[in-house]
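Inspection log for the structure reproduced underneath, given as structure tokens.
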Amino acid sequence: MPHQPSLFGSAADASPLVHRLFFAILPDAAARLAISDRADMLRAQQAVRGRWIDPSRYHMTLHFLGDHSGLRQDLVDRASSAAARIATASFDLELDRLASFTGRKPTGVLCCTDESNPVHALWQALRRELSLVGLGARLESKFVPHVTLFYGDGPPLEPANIAPIAWRVRDFALVHSVVGQGGYRILANWPLSG
């Protein structure tokens with residue numbers, strides 16, 4: 001007798017979960033609110049179609065460590081070991097430009113255009129340490145500091161300067177998420193000196 005599938009599916013029918021791991025800077029509460037206000041103004045001023053990022057998920061990615069079928073403890077351990085060796089002072093960060101990244105879906109972002117900002121030194125130091133623990137092969141060779149506002153369904157935004165949104169960066173975090181399941185889980189964070 002042939003097997004009849006369940007009306008409710010089975011565990012074998014379910015899509016495998018995708019676990020994402022990355023290092024990020026998280027805005028403080030005041031900066032998060034300012035970013036959210038800027039997104040609200042943008043929605044009101046322009047007919048932007050797409051998926052807007054929930055303010056609880058605002059972050060600036062430093063290094064993406066990949067998508068995996070599960071949360072790999074070996075990867076977490078090596079990444080944590082690299083992060084623990086970072087000796088960088090806290091610094092001020094400003095998002096001062098609205099822009100779009102092109103691709104399959106144009107991405108609306110707020111950028112930090114100051115190339116001398118210490119965020120670049122933090123990115124480079126973390127990149128170096130991740131390479132030393134064997135995690136350098138997948139790392140990006142370029143860094144554009146930004147916070148994503150939305151993934152668009154229409155044309156890219158015209159770049160524009162904005163009134164700066166600033167916050168003091170006092171730490172960075174290793175973040176875990178399961179794609180499609182909402183929030184982020186902070187696995188660990190590392191304070192910056194000063």
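Sequential numbering from 1 along the given sequence is applied to the chain's residues. Atoms considered below: every heavy atom in the structure, side chains included; atoms not considered: hydrogens, waters and symmetry mates.
- Phe172 is listed as a side-chain neighbour of Leu122, based on a closest heavy-atom distance under 4.5 Å.
- Annotation: side chain of Leu139 is in contact with side chain of Leu65 (closest heavy-atom distance under 4.5 Å).
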### Task
Just do the side chain to side chain contact (heavy atoms under 4.5 Å, CB included) check on Asp92 and Val169 with the steps written out, would you?
CA-CA 6 Å; Asp92 293 321; Val169 177; over 6 Å; no
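- Leu62 and Val175 sit in two unconnected hydrophobic clusters of ILVMFWY residues. Membership requires side-chain heavy atoms under 4.5 Å apart, directly or through other members.
- Under the 4.5 Å side-chain contact rule for hydrophobic residues, Ile162 and Phe101 do not share a cluster.
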### Query
Can Trp190 and Asp171 be said to form a side chain to side chain contact (heavy atoms under 4.5 Å, CB included), step by step?
CA-CA 5 Å; Trp190 291 268; Asp171 62 5; 5.8 Å; no
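- A distance of 7.5 Å separates CG in Leu187 from OG in Ser80, rounded to the nearest 0.5 Å.
- Residues Pro156 and Thr102 share a closest heavy-atom pair of CG-CG2, 4.4 Å.
- For the atom pair Leu21 CG and Leu75 CG, the distance stands at 5.0 Å (nearest 0.5 Å).
- Put simply, the side chain of Tyr151 does not reach to within 4.5 Å of the side chain of Pro106, judged on heavy atoms.
- Using a 30° and 60° split on the angle between ring planes, Phe143 and His120 fall in the perpendicular class, above 60°.
- Considering Leu95, Ile165, Leu98 in turn, Ile165 is the only one that fulfils the side-chain contact (heavy atoms from CB on, under 4.5 Å) rule with Arg38.
- When atom types are taken as modelled, the side chain of Arg32 and the backbone of Pro55 share a donor-acceptor pair closer than 3.5 angstrom.
- For the residue pair Arg97 and Pro159, the shortest heavy atom distance occurs at NH2-CB, 3.1 Å.
- Using a 4.5 Å heavy-atom threshold, the side chains of Phe150 and Arg51 count as separate.
- Summarising the geometry of Gly134 relative to Arg78, their closest heavy-atom pair is O-NH1, 3.7 Å, with the distance given to 0.1 Å.
- In the hydrophobic cluster analysis, where Ile, Leu, Val, Met, Phe, Trp and Tyr join through side-chain heavy atoms closer than 4.5 angstrom, Leu93 is grouped apart from Val109.
- Rounding to the nearest 0.5 Å gives a distance of 10.0 Å between CG of Leu33 and CG of Asp28.
- The CG atom of Leu157 lies 3.5 Å from the OG atom of Ser100; values are rounded to the nearest 0.5 Å.
- Residues Phe22 and His63 place their aromatic rings such that the two centres sit no closer than 6.0 Å.
- His59 has its ring centre less than 6.0 Å from the ring centre of Tyr184.
- Taking all atoms of both residues into account, the shortest heavy-atom contact from Ala31 to Ala166 is CB-O, 4.2 Å.
- Rounded to the nearest 0.5 angstrom, His146 NE2 and Cys112 SG are separated by 12.0 Å.
- Within the 4.5 Å cutoff, side-chain heavy atoms of Pro27 are placed close to those of Ile35.
- Side-chain contact between Ile25 and Trp167: present, with at least one pair of heavy atoms (C-beta onward) separated by less than 4.5 Å.
- Within the 4.5 Å cutoff, side-chain heavy atoms of Glu129 are placed close to those of Ile86.
- Distance check, rounded to the nearest 0.5 Å: CZ of Arg127 to CD of Glu140 gives 9.0 Å.
- In terms of hydrophobic clustering, with Ile, Leu, Val, Met, Phe, Trp and Tyr side chains grouped at heavy-atom distances under 4.5 Å, Ile186 and Phe64 are assigned to a common cluster.
- The two atoms that bring Ala79 and Leu135 nearest to each other are N-CD1, 3.8 Å, heavy atoms only.
- Checked by atom type, the side-chain pair Arg85/Ser81 shows a donor-acceptor distance below 3.5 Å.
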### Query
Which is it for Asn189 and Leu174 under the side chain to side chain contact (heavy atoms under 4.5 Å, CB included) test, yes or no, and what are the steps along the way?
CA-CA 6 Å; Asn189 65 353; Leu174 181 59; over 6 Å; no
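- Nearest heavy-atom pair, Leu149 versus Ala39, reported as atom, atom and distance to 0.1 Å: CD2-CB, 4.2 Å.
- The shortest side-chain heavy-atom distance between Val178 and Val18 does not fall under the 4.5 Å cut-off.
- For Ser177 and Arg185, the side-chain atoms include no donor-acceptor pair closer than 3.5 Å.
- Within the 3.5 Å criterion, the main-chain N or O of Val179 finds no donor-acceptor partner in the side chain of Asp67.
- Phe23 and Leu26 fall into different hydrophobic clusters, where Ile, Leu, Val, Met, Phe, Trp and Tyr are joined by side-chain heavy atoms under 4.5 Å apart, directly or via other members.
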